[in-house]
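Below is one structure; the comments refer to it alone.
Computed from a prediction, not measured in an experiment: that's the story for all the values here. All values below come from the heavy atoms of this structure, side chains included, with hydrogens, waters and symmetry mates left out.
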Amino acid sequence: MNRVADVIRDDIKVMTAYQVADLPEGFIKLDAMECPHHPFAGYESLLSEWADLAKQAPIHLYPHTAKSGIYEELREVFGIPDKAEIALGNGSDELIQFLTMLVAKPNTRVLGIEPSFVMYRHNAALYGMEYVGVPLNPDFSLNLPAVLTAIEQHQPSLIFIAYPNNPTGVCFKREEVEAVIRVATGIVVVDEAYGAFHHDSFLPWVGEVENLVVMRTISKIGFAGLRMGYAAASPSIMGELAKILPPYNMNQLSLAAAKFSLKHHQVIQQNIDTLKNERSRVMNELLKLNRLEVFPSEANFITVRVPDANGLFETLKQNRILIKKLYGSHPLLDQCVRITIGSAVQNDAVLAVIKNLYPNL
């Protein structure tokens, strides 16, 4: 008898673990929406302050998040309303997990659009909830009538909407998301992980709209290694969420580094603006190639449909460039790849391979 196998849940046994791609030495890494360089690269005084901060962090003590000053910095930098309360997570992933746990009752449902971030579906399954996926339109826009019908039919306890969406990069119309929030009887999580690269946000609504949670992260703006996500919502949601979040889920180094970074947000914004300019440049170059279908992006990546996704992925890999192959993960992503926006040099390397592989005919 295999005693270990006998006690592990059968549904978990058939799951597949999230795979983090290996990065061979010397590769350009454009598969995970990371910033292409340290956010304070070129600012020697800030790097020196950063190093001193790490030395002084009280790592011998448990963190007291509420006394760290991070909430005040988040409110000031991102304009989070006073009526809203804030929760931190070890990345947005942890917040997704605990928000799902918060509503996990027998015979309850989570609703998401498809394709979108895989952890919405994963956590629904983990907590024994039925996941209802509503397909996007072929151009990756929101099929609002189908979403509203699904809400009416299934009455989901939790709805996830990525705004802008991952892995497509397309951002839905604001009025469509507003319509979902209005008709939902459960909690609506607007996941703005890529909000820094978009011109719009639902943060001004938090605290005013009781069932709305807005989730963001500092990962995409240059601090993926700090693992800090945050959510803002009404006290009626956050008061309950606080009961199940681990008491010390953040660490002293992340709290200190995040607070320091927010104090120098003008430097971070310059990096964001540079990446947005590069996104426009790369998009325009790709649009010149008539064999590609390039989808509009409000994130720090571009999703492209190519004649042969496997062929492009392998060719780039042979050229020591790693991107994300989406083909095979969802029917709507047929022959699609996702390319993170990197530095100008990195982006030029990708474009050179693609132009050589798919010249205009």
Group every Ile, Leu, Val, Met, Phe, Trp and Tyr by side-chain heavy-atom contacts under 4.5 Å, then state whether [X] and [Y] land in the same group.
{"X": "I187", "Y": "F98", "value": "yes"}
{"X": "M101", "Y": "I12", "value": "yes"}
{"X": "F295", "Y": "M33", "value": "no"}
{"X": "I268", "Y": "L74", "value": "yes"}
{"X": "I80", "Y": "I70", "value": "yes"}

Would you name the heavy atoms of [X] and [Y] that are closest together and state the gap between them?
{"X": "N271", "Y": "P39", "value": "ND2-O, 2.9 Å"}
{"X": "N211", "Y": "A184", "value": "ND2-O, 3.7 Å"}
{"X": "L245", "Y": "A87", "value": "CD1-CB, 3.9 Å"}

Plane angle bin for Y248 and Y62 - parallel if under 30°, tilted between 30 and 60°, otherwise perpendicular: parallel
Aromatic ring pairing W50/H38, orientation class (parallel under 30°, perpendicular over 60°, tilted between): perpendicular
Any L111 side-chain heavy atom under 4.5 Å of I151 side chain: yes
Beyond-backbone contact of E178 with F202, side-chain heavy atoms, under 4.5 angstrom: yes
Taking the six-membered ring for Trp, are [X] and [Y] closer than 6.0 Å centroid to centroid?
{"X": "H264", "Y": "F260", "result": "yes"}
{"X": "Y163", "Y": "F172", "result": "no"}
{"X": "F197", "Y": "Y194", "result": "no"}
{"X": "Y327", "Y": "F313", "result": "no"}
{"X": "Y230", "Y": "F78", "result": "yes"}

How far does [atom1] of [X] sit from [atom2] of [Y], to the nearest 0.5 angstrom?
{"X": "N123", "Y": "E94", "atom1": "CG", "atom2": "CD", "result": "11.0 Å"}
{"X": "R305", "Y": "L292", "atom1": "CZ", "atom2": "CG", "result": "11.5 Å"}
{"X": "S297", "Y": "N166", "atom1": "OG", "atom2": "CG", "result": "10.0 Å"}
{"X": "I339", "Y": "L316", "atom1": "CD1", "atom2": "CG", "result": "7.0 Å"}
{"X": "T315", "Y": "N319", "atom1": "OG1", "atom2": "CG", "result": "7.5 Å"}
{"X": "L241", "Y": "L99", "atom1": "CG", "atom2": "CG", "result": "5.0 Å"}

Do [X] and [Y] sit within salt-bridge range, that is, some charged N less than 4.0 Å from a carboxylate O?
{"X": "K243", "Y": "E240", "value": "yes"}
{"X": "K29", "Y": "D31", "value": "yes"}
{"X": "R121", "Y": "E114", "value": "yes"}
{"X": "R291", "Y": "D308", "value": "no"}
{"X": "K317", "Y": "E314", "value": "no"}
{"X": "K259", "Y": "E73", "value": "no"}

Is the [atom1] atom of [X] crowded by more than 12 outside heavy atoms at less than 6.0 Å?
{"X": "K55", "atom1": "NZ", "answer": "no"}
{"X": "K83", "atom1": "NZ", "answer": "no"}
{"X": "E175", "atom1": "CD", "answer": "yes"}
{"X": "I59", "atom1": "CD1", "answer": "no"}
{"X": "N107", "atom1": "CG", "answer": "no"}
{"X": "K324", "atom1": "NZ", "answer": "no"}

Is it the case that [X] and [Y] place a side-chain donor and acceptor less than 3.5 Å from each other?
{"X": "K288", "Y": "N360", "value": "no"}
{"X": "T274", "Y": "N277", "value": "no"}
{"X": "S219", "Y": "R227", "value": "yes"}
{"X": "Y71", "Y": "E76", "value": "no"}
{"X": "Q97", "Y": "D93", "value": "no"}
{"X": "S234", "Y": "E210", "value": "no"}

Flag, side chain of D191 to backbone of I161, donor-acceptor distance under 3.5 Å: no
Donor-acceptor under 3.5 Å (T303 side chain, P167 main chain): yes
Worked verdict on V213 versus V190 for side-chain contact (heavy atoms from CB on, under 4.5 Å): CA-CA 6 Å; V213 177; V190 177; over 6 Å; no
Cation-pi check, R174 onto W205 ring (under 6.0 Å, within 45° of axis): yes
Stepwise side-chain contact (heavy atoms from CB on, under 4.5 Å) test for L142 and L136: CA-CA 5 Å; L142 190 68; L136 295 170; 4.2 Å; yes
Stepwise salt bridge (Lys or Arg N to Asp or Glu O under 4.0 Å) check, R279 with D273: CA-CA 10 Å; R279 179 184 67 193; D273 292 341; over 6 Å; no
